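Report on the following structure.
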Amino acid sequence: MERIILFDGVCNLCNKSVQFIIKRDPSGTFKFASLQSKTGQNLLKTHGLSTDINSFVLIEDKRIYVKSTAALRVCTHLNGLWKMLIVFLVVPPFIRNRLYEWIANNRYKWFGKKDHCLLPLPEWKSRFLE
């Protein structure tokens, strides 16, 4: 099963999240591409999403998940107690996504922004699709 995470490559919070996931996914379940990359843009088009989407996206076995649902589904595959966060999927998405959107709308202000996308460490390079 292929699992690809598309993330905002210039967002500090998003880049830290990718690093967090990689460290808790030693089996390499997830591959990554920035939303801004050619690969990311092609994947968005292929799956019928707008190329200007501004959300965390999980492509899992050809299904698309965004926002809080994507984040919670990722947690179910991580080592440790992160799997327990799946219980929050019982909360309706319109409620979960309000919190997600509040954080997303303030992420540059709170965490900053880079001028360019994350350059992965050499040992992580194979996990990136660009």
Side-chain angles (χ1 to χ4, degrees):
M1 178 180 293
E2 185 173 56
R3 292 183 179 99
I4 301 170
I5 294 173
L6 303 179
F7 66 100
D8 181 350
V10 297
C11 167
N12 287 337
L13 174 62
C14 304
N15 286 315
K16 288 292 184 187
S17 297
V18 167
Q19 293 171 28
F20 177 90
I21 293 166
I22 289 172
K23 289 176 184 175
R24 286 153 186 83
D25 177 33
S27 61
T29 301
F30 297 104
K31 302 288 185 201
F32 303 90
S34 72
L35 290 166
Q36 297 88 349
S37 70
K38 186 175 181 178
T39 300
Q41 291 288 296
N42 287 336
L43 285 166
L44 291 171
K45 288 176 193 171
T46 299
H47 293 284
L49 293 172
S50 170
T51 56
D52 65 351
I53 191 170
N54 193 10
S55 175
F56 184 80
V57 178
L58 172 64
I59 303 169
E60 185 174 38
D61 199 25
K62 300 183 182 180
R63 295 192 66 191
I64 303 296
Y65 302 96
V66 296
K67 299 183 180 184
S68 66
T69 303
L72 290 171
R73 289 189 66 87
V74 166
C75 288
T76 66
H77 300 286
L78 301 180
N79 286 348
L81 296 176
W82 300 103
K83 295 174 189 318
M84 293 175 43
L85 292 176
I86 193 73
V87 300
F88 288 106
L89 283 175
V90 301
V91 176
F94 75 90
I95 295 172
R96 284 187 277 117
N97 285 338
R98 290 189 84 142
L99 175 61
Y100 175 94
E101 290 165 0
W102 179 65
I103 294 168
N105 290 336
N106 290 289
R107 70 185 187 269
Y108 296 144
K109 179 172 54 172
W110 295 341
F111 301 99
K113 183 177 178 179
K114 296 186 180 311
D115 293 329
H116 56 279
C117 292
L118 167 76
L119 293 175
L121 295 175
E123 61 268 27
W124 295 347
K125 191 111 173 108
S126 65
R127 305 277 302 271
F128 288 77
L129 300 175
E130 314 174 35

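On a predicted model such as this, the values are computed, not experimentally measured, just so you know. For reference, positions follow the sequence shown, starting with 1.
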_Pairs flagged by salt bridge (charged side-chain N to carboxylate O under 4.0 Å, His left out) wherever residues 64-73 is involved - sequence neighbours left out_ = E60-R73, K67-E101
Taking atom types as modelled, find out whether [X] and [Y] have a side-chain donor-acceptor pair closer than 3.5 angstrom.
X	Y	result
N42	K45	no
S37	T39	no
D8	Y108	yes

*Nearest heavy-atom pair of L35 and Q41: which atoms, and what distance?*
O-NE2, 2.7 Å
*Of the non-hydrogen atoms in R127 and T29, which two are nearest, and what is the gap between them?*
NH2-N, 4.3 Å
*Do R24's NZ or CZ and the ring of F20 fall within the cation-pi criteria of under 6.0 Å and 45°?*
yes
Can you tell me if [atom1] on [X] sees more than 12 non-hydrogen neighbours from other groups inside 6.0 Å?
X	atom1	value
Y65	OH	yes
K16	NZ	no
W102	CH2	no

Within-4.5 Å side-chain heavy-atom neighbours: [X] and [Y]:
X	Y	value
T69	F88	no
I5	V57	no
T76	W82	no

*So does R3 pair up with D61, basic N to acidic O under 4.0 Å?*
no
